[in-house]
Each structure stands twice: as structure tokens, then as C-alpha cells.
Protein chains: 2
Amino acid sequence: MNTRKDHLLDTAQRLFNANGYHATGIDRILSESGVSKATLYKYFRSKEALIMEVLRRRHHSFDTWLREFVDARTSSKYRGEPAGAMLAVFDGLDRWFRSENFCGCNFINASAEYGDRDDPIHELVKQHKSDLRDYLKSLLKRGGFSRARELSQQLMLLVDGAIVNAHTQNNPKAAREARQAAKCLLSAAAR
Amino acid sequence: MNTRKDHLLDTAQRLFNANGYHATGIDRILSESGVSKATLYKYFRSKEALIMEVLRRRHHSFDTWLREFVDARTSSKYRGEPAGAMLAVFDGLDRWFRSENFCGCNFINASAEYGDRDDPIHELVKQHKSDLRDYLKSLLKRGGFSRARELSQQLMLLVDGAIVNAHTQNNPKAAREARQAAKCLLSAAAR
DNA sequence: GCCAAAGTAAACAGATCTGTTTACTTTGTC
DNA sequence: GACAAAGTAAACAGATCTGTTTACTTTGGC
């Protein structure tokens, strides 16, 4: 059920990320999704409300996807390695960057257009990145790393840097380069 | 001379970075700069041409500023240290992030709104980041580092990651955190 | 002081955008 | 098959945006 609403959100997410939030008009989302305007405004009070729901959904789907990806790799390729889960995160980035319609991160892109710190959209971005860092921190703790707080923050810089590099330079190898740097930080922290 | 044009470009750069490129209308730039519309369209054929000139200027001013900053530090605080110039880059980021009107990177923000790889604006972004990486590479070579290519790329990830983190999380400490990670990468490369 | 270059103010055109409304159609359920 | 919920199509309102034009004013050098 609610297939119209879901289809609308899927289309909106794709267009927002590919062309930007302001540059993507409601009419384009409607024509590409085949949904009527009245239906959009039945589900969402405004374009801003649509954007926020797109980001909430993206936050959830990315979170779910990454956790499943990391779980699968830590129990196979990286079985028993303390740093394995973290390396799996960068393997996940690698797959993402190589996906056909990669256009950078919805949240980083949103922060460029909604830079005001009081904007609720900016707040969602902040929360998304903060949650991802918490996840990295939990992976480090599980791996027995000390100073997980500081280390997870440094690894987040590599994650966001890789996303930006992959997007601006059209360089899908960014994830592997970040992974190499991460290995260096992790091995230094392990000694 | 050309003080009107410069004032226009300064105002446009500030507004574009604070509020986004699409969201910033010509009229706002005109009213805040006190320049008339006819003058704008005398100097620039279109809004897009204005944006591109803003980015070209920003590229040049950032490049000049960073080189002067790094030169000053390498000949004082970091005199004689092979990795000194690179650490000075992160000191520069630190100062930038703490500046009053820091709103992220004009180029990263532009790439969010002009994501199409064929867009000339996207091309400027790519060139800017590529030039910065070349600069980092030259600093590494001057410091006697081998594998400057790979290392400069990893450091670029930290640079861009720090910019994004400082902006999205409102965290000016990001530069110092990136600097710590950079020290780790540099010392591992030096051995 | 003259004159050309540069700038201003304001109206205007035309496109586009968000959001509303109305009248009609489809669809699923009992 | 009746009925209610959900969806569509299209016109519309009102705001806003880029870009042009016109008539007037300021300014800087000679």
C-alpha cells in the first residue's frame, strides 16, 4: 500500500540528488513519477515537507543497507579481524560510488543548499552524519579499539572526504584510497 | 578601478556560499551590493557567467591565501620539519573554519547544485580540487616524501572531509582532528 | 566646463515555481 | 453493483526569477 507515496519519494530522492533541491521543481517530480499534483499535496503539506521525508527515508535506507553490508562482510571476508568491520564500511562506500546513479550524498548536498544552522533540513543532515559516526564508534569498540571517539571522528573525515572526492572528481577509486588511509590510522591505533 | 564589479563579485560569493546558488536571486545580490541590474548585465552575460567568475576569483584568492599562509608557517613554526608545510595546510583550514562567515567550500557547495559532469561549473569545481591536490603533492615532494601521489590524495580526503564536517556539524575543531590524522599518515609514510 | 563612459531606477516581458481548487475517473471492498 | 477512498487532469492564483529596455544621472579625465 501507499505505492504512490513511495514512488513519489523514490523519484524525488533521485532527482534531488542528481539536480539539486531548488533546481528540481515539483512539476518535474510529478511528470517523472506519473503522480498528480493533488496527490503530492495530499501526502505532503509543502515541498519542504517532501524534502524532509526524502531525507528521513534516505537516512533509514542507507543505515539499513550499510549495516547489512558490514555484517555480511565481517562474518565472511573479515572474520576475526578487529578492524574488519571498519574496512567493510569502506568496501560499502566502494560499491556505492560505483553504482550507476551515484551523485554524491543527499545530505552533504542538502547542507550546501540549506546552510542555515537553524534550518530543520540542516538539522537532519547534522543528525545523519552524527548517527553514522556513532555507528563507526560502535564498530571500533566492538573491535577492541581504545580512543574510539577520536578515531571514529578521523574515520568520518575519510568517509566524507571520499564521498566528496568521488563526486567532484568523478573518481570511484576514492573509497579504496580512503580505505588505505583508514588501515594506516587503524594499525597505528592498534599498537 | 572596476570597484563596482569587484563589489558585486564579493557580495555574490558571500550570498552564494551562505544560501546556495539557485536560492540566491539576482535581486538579492543587487540590493545587498547596491549595484543596479543594468550594471550587472553589462559585466556578465548571465547569472551563470557571474557564478563562474565568482568561482574563478575564489579559486585564485584561496590559492594565494593558502600559499602565503603555508609559506609563513614553514619558515617560522615548522622551520626544518619535512612534514611542516602539510601541517601548516591544516592550520590554515583551522583558521578558515573559525572565520566568522564560514559556510563550507564554495566549490563543494556548487558541485551539489551543478552535479552534471558536463556542466562547466562542475568542471571548475573539479579543476579547483585537482589544483589543490597538486599543491599538496608539491609540498610533499619538497619535504622529501616518496609516493607523494598516493599520499597527497589521502590528505585531500582529509581536507575535504574536514571541510564537510566543519560545515555540516558546525564543528570548527575538524581541522585539528584532520591534522592529527594527517600526522599519522605522514609519519607512517616517513618510515 | 565638456563629453563620454559608467551607473541608476523602474518598468516590463516572459518564464517558472509553489500551492489550490474543481470536476471527473479509477479502484478496492463489502 | 454501490460506495467511499484515492487519484487524475487542468486551470488558476500569486509570487518570484532572469534578463531587457528606456530614460535619466553621476563621474572622471581632458
Side-chain angles (χ1 to χ4, degrees), chain A residues 1-57 106 109-110 112-116 119-122 124, chain B residues 1-57 106 109-110 112-116 119-122 124:
Chain A
M1 66 175 65
N2 255 346
T3 119
R4 304 261 87 183
K5 188 179 177 185
D6 286 343
H7 189 220
L8 202 49
L9 286 163
D10 288 343
T11 308
Q13 192 226 320
R14 178 173 53 79
L15 291 174
F16 283 148
N17 217 28
N19 305 114
Y21 293 85
H22 286 93
T24 301
I26 289 288
D27 288 343
R28 174 113 188 254
I29 297 171
L30 295 175
S31 73
E32 291 213 16
S33 66
V35 172
S36 72
K37 194 177 275 200
T39 298
L40 187 154
Y41 282 100
K42 179 191 165 194
Y43 288 120
F44 307 101
R45 130 172 63 79
S46 65
K47 183 184 180 181
E48 189 191 11
L50 171 66
I51 292 173
M52 293 189 61
E53 188 60 24
V54 163
L55 291 177
R56 276 188 284 263
R57 256 171 63 105
N106 269 104
N109 292 349
E113 297 198 52
Y114 304 93
D116 185 355
D119 195 305
I121 293 176
H122 191 93
L124 281 183
Chain B
M1 67 174 67
N2 256 346
T3 122
R4 303 260 88 183
K5 187 180 177 184
D6 286 342
H7 188 219
L8 202 49
L9 286 162
D10 288 342
T11 307
Q13 192 225 318
R14 178 172 52 79
L15 290 175
F16 284 148
N17 216 29
N19 305 113
Y21 293 85
H22 286 92
T24 301
I26 289 289
D27 288 342
R28 173 115 190 253
I29 298 170
L30 296 175
S31 72
E32 290 213 16
S33 66
V35 172
S36 72
K37 192 177 275 198
T39 298
L40 187 155
Y41 282 100
K42 180 190 165 194
Y43 288 119
F44 306 101
R45 131 172 63 81
S46 64
K47 183 185 180 181
E48 188 190 12
L50 170 66
I51 293 173
M52 294 189 62
E53 188 61 24
V54 162
L55 290 177
R56 275 189 284 263
R57 257 169 62 105
N106 269 105
N109 292 348
E113 297 198 51
Y114 304 93
D116 185 356
D119 195 306
I121 293 176
H122 191 94
L124 282 183

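Throughout, protein chains are lettered first and strands after them, A, B, ... in sequence-line order, and every chain is numbered starting at 1. Both backbone and side-chain heavy atoms feed into the values below; hydrogens, waters and symmetry mates do not.
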Base D/dG19 paired with B/K37 side chain (donor-acceptor, <3.5 Å):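 Checked by distance alone, the answer is yes.
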Just say parallel, tilted or perpendicular for the rings of A/H22 and A/Y114, cut-offs at 30° and 60°.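 The rings of A/H22 and A/Y114 lie parallel, inter-plane angle below 30°.
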Rounded to the Å, how far apart are [X] [atom1] and [N] [atom2]?
X: B/D27; N: C/dT8; atom1: CG; atom2: C1'; result: 14 Å
X: A/Y41; N: D/dA10; atom1: OH; atom2: P; result: 18 Å
X: A/K47; N: D/dT16; atom1: NZ; atom2: C1'; result: 13 Å
X: B/L50; N: D/dC17; atom1: CG; atom2: P; result: 15 Å
X: A/H22; N: C/dT16; atom1: NE2; atom2: P; result: 18 Å
X: B/I26; N: D/dT16; atom1: CD1; atom2: P; result: 16 Å
X: A/L40; N: D/dA6; atom1: CG; atom2: C1'; result: 14 Å
X: A/L8; N: D/dT8; atom1: CG; atom2: P; result: 9 Å

Straight-line distance of B/I29 CD1 to B/L15 CG, nearest 0.5 Å: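 Interatomic distance, B/I29 CD1 to B/L15 CG, rounded to 0.5 Å: 6.0 Å.
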Rounded distance [0.5 Å steps], OH in B/Y21 versus CG in B/N109: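 With rounding to 0.5 Å, OH (B/Y21) is 6.5 Å from CG (B/N109).
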Applying the Watson-Crick and G-U wobble criteria at under 3.5 Å, what pairs with D/dT26? Answer none if nothing qualifies.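 Paired with C/dA5.
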Can you tell me the pairing partner of C/dA11 across any strand shown, Watson-Crick or G-U wobble, with both distances under 3.5 angstrom?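 Matched C/dA11 with D/dT20 under the 3.5 Å cut-off.
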Looking for any heavy atom pair under 4.0 Å, which part of the strands does A/Y43 touch: base, sugar-phosphate only, or nothing?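 Contact class for A/Y43: sugar-phosphate only.
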So, OP1 or OP2 of [N]: does either fall under 4.0 Å of a side-chain N or O from [X]?
X: B/T39; N: C/dT8; answer: yes
X: B/K42; N: C/dA6; answer: yes
X: B/R4; N: C/dT8; answer: yes

Carboxylate-amine/guanidinium contact A/K5 A/E53, below 4.0 Å: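 Between A/E53 and A/K5 there is no salt bridge, as every charged N stays at least 4.0 Å from the carboxylate O atoms.
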Among the nucleotides D/dT8, C/dG19, C/dT8, which one has an atom lying closest to any side-chain atom of B/A38?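 Side chain of B/A38 sits closest to C/dT8.
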Pick out which of B/T11, B/L40, B/T39 makes a side chain to side chain contact (heavy atoms under 4.5 Å, CB included) with B/L30.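 Considering B/T11, B/L40, B/T39, a side chain to side chain contact (heavy atoms under 4.5 Å, CB included) with B/L30 is found only for B/L40.
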